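Worksheet for the structure shown next.
Remember, it's a predicted structure, so these values are computed and weren't measured experimentally.
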Protein chains: 2
Amino acid sequence: MNINPVSILKEHDLKHTKQRVRVLEEIALDSVAISQPDLEKKLGKEIDRVTLYRILNTYQEKGILHRIMDMNGTANYAVCTSSCSEDHHHDEHVHFNCTNCNKIYCLEVEAPRIKMPKGFTAKTVSSIAYGICEKCNAI
Amino acid sequence: MNINPVSILKEHDLKHTKQRVRVLEEIALDSVAISQPDLEKKLGKEIDRVTLYRILNTYQEKGILHRIMDMNGTANYAVCTSSCSEDHHHDEHVHFNCTNCNKIYCLEVEAPRIKMPKGFTAKTVSSIAYGICEKCNAI
DNA sequence: TAGTATATGCAATTAAATTGCATATACTAT
DNA sequence: ATAGTATATGCAATTTAATTGCATATACTA
Ligand SMILES: [Mn+2]
Ligand SMILES: [Mn+2]
Ligand SMILES: [Zn+2]
Ligand SMILES: [Zn+2]
């Protein structure tokens, strides 16, 4: 993913700190989402655990990252591609969670429109497909 | 929901214990899914926390309950309506998570078929719609 | 009814998340 | 450039969640 952490911080009126830049860089490295535990491992003691929590929350609230919960309730983070805002994430694509390697992919597939029963008004829909990813299928 | 805990246990070769019956009864009470924390509160000290964990896992593995993870990574449980088996849950309907009351509904809406990109093979799809439920809309 | 397998409860660990606060750092205004 | 102010960070302490080991209790089988 080709993003510029510094300008993203500016755009969202966030102070430019080396921790924030580092986290965003790390997540943008890969096109697949990274889980919070993996992120912690990668960062090691570069960044305090609590700080990481706070940065991830801020990013998610600001619409810089989106958070995808996997089957086990683990948070996974990916850079928001489209223009997400504080009040609304446009993360309306399907995610794919490989049950073999556990990676989470943001697919280029739009989340399907779903008709709601009377009385229910949906604002967003999250769709996660579980199965085997291209890499694991290739092996 | 009109289920018979005792016969469900028999069907799945699970020993009939009062804790297992109690948990299943409690979850079946309501048509909406119940969160693990709420379940713990409801059961109070009737059942040990660890036992509850084990019962819920067993039920989920056996296909008696299905587990729906909400936005916060909290597990929610609902009785499997259709015939779920150990190897495959037929929980292919859409869930609705009210952002006001937090309840999770199992909708009578089939999960949409989604075309996967080349290389990806999906086994199941989980769709969760977020919004306002009928009750909260009525207020 | 006795014997065996397994479920439960309790205590102890381990892991995850949150909070409070002192200090460091980034930005603003002079 | 500098000083002042607001906020981000790190560390320690809590709180909450989940797991493990083991002795005892309970359900089913023979
Ligand atoms: Mn995504
Ligand atoms: Mn359901
Ligand atoms: Zn894979
Ligand atoms: Zn509601």
* **Footprint string (nucleotides 8-16 of chain D, 5' to 3'): B base within contact, S backbone only, - free, heavy atoms under 4.0 Å** => SBBBB----
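For Lys62(A) and dT7(D), the NZ to P distance is 11 Å, given to the nearest whole Å. Here dC28(D) presents its C1' atom at 13 Å from CG of Leu9(B), a figure rounded to the nearest Å. The distance between atom CE of Met69(B) and atom C1' of dA18(D), rounded to the nearest whole Å, is 12 Å. Atom-to-atom, CG of Asp70(A) to P of dA16(C) comes out at 13 Å; the value is rounded to the nearest Å. Following rounding to the nearest Å, Asp38(A) (CG) and dA16(C) (P) show an atom-to-atom distance of 12 Å. In this structure, Glu61(A) atom CD and dT7(D) atom C1' are separated by 15 Å, rounded to whole Å. Taking atom NE2 of residue His16(B) and atom C1' of nucleotide dT29(D), one finds them 17 Å apart after rounding to whole Å. Tyr53(B) has its OH atom 14 Å from the C1' atom of dT13(C), to the nearest Å.
Here the closest non-hydrogen pair linking His12(B) and Ile8(B) is ND1-O, 3.0 Å. The two atoms that bring Leu107(B) and Met116(A) nearest to each other are CD1-SD, 3.9 Å, heavy atoms only.
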* To do: State the dot-bracket string of DNA chain C. Criteria: Watson-Crick or G-U wobble, both atom distances under 3.5 angstrom; notation: ( ) intrastrand, [ ] crossing earlier pairs, | interstrand, . unpaired.
  => ||||||||||||||||||||||||||||||
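Residue pairs meeting the salt bridge (charged side-chain N to carboxylate O under 4.0 Å, His left out) criterion with at least one member in residues 44-53 of chain B, sequence neighbours excluded: Arg22(B)-Glu46(B), Glu40(B)-Arg49(B).
Counting heavy atoms from C-beta on, the side chains of Val23(A) and Gln19(A) never come closer than 4.5 Å.
A distance below 6.0 Å separates the ring centres of Tyr105(B) and Phe120(A).
Residues Val79(A) and Leu52(A) share a single hydrophobic cluster, defined by chaining ILVMFWY side chains whose heavy atoms lie under 4.5 Å apart. Residues Ile47(A) and Leu9(A) are members of one and the same hydrophobic cluster, defined by side-chain heavy-atom contacts under 4.5 angstrom among Ile, Leu, Val, Met, Phe, Trp and Tyr. No chain of hydrophobic side-chain contacts below 4.5 Å, direct or via other Ile, Leu, Val, Met, Phe, Trp or Tyr residues, connects Ile132(B) to Tyr130(B).
The main-chain N or O of Gly119(B) is found under 3.5 Å from a side-chain atom of Asn137(A) such that the two form a donor-acceptor pair.
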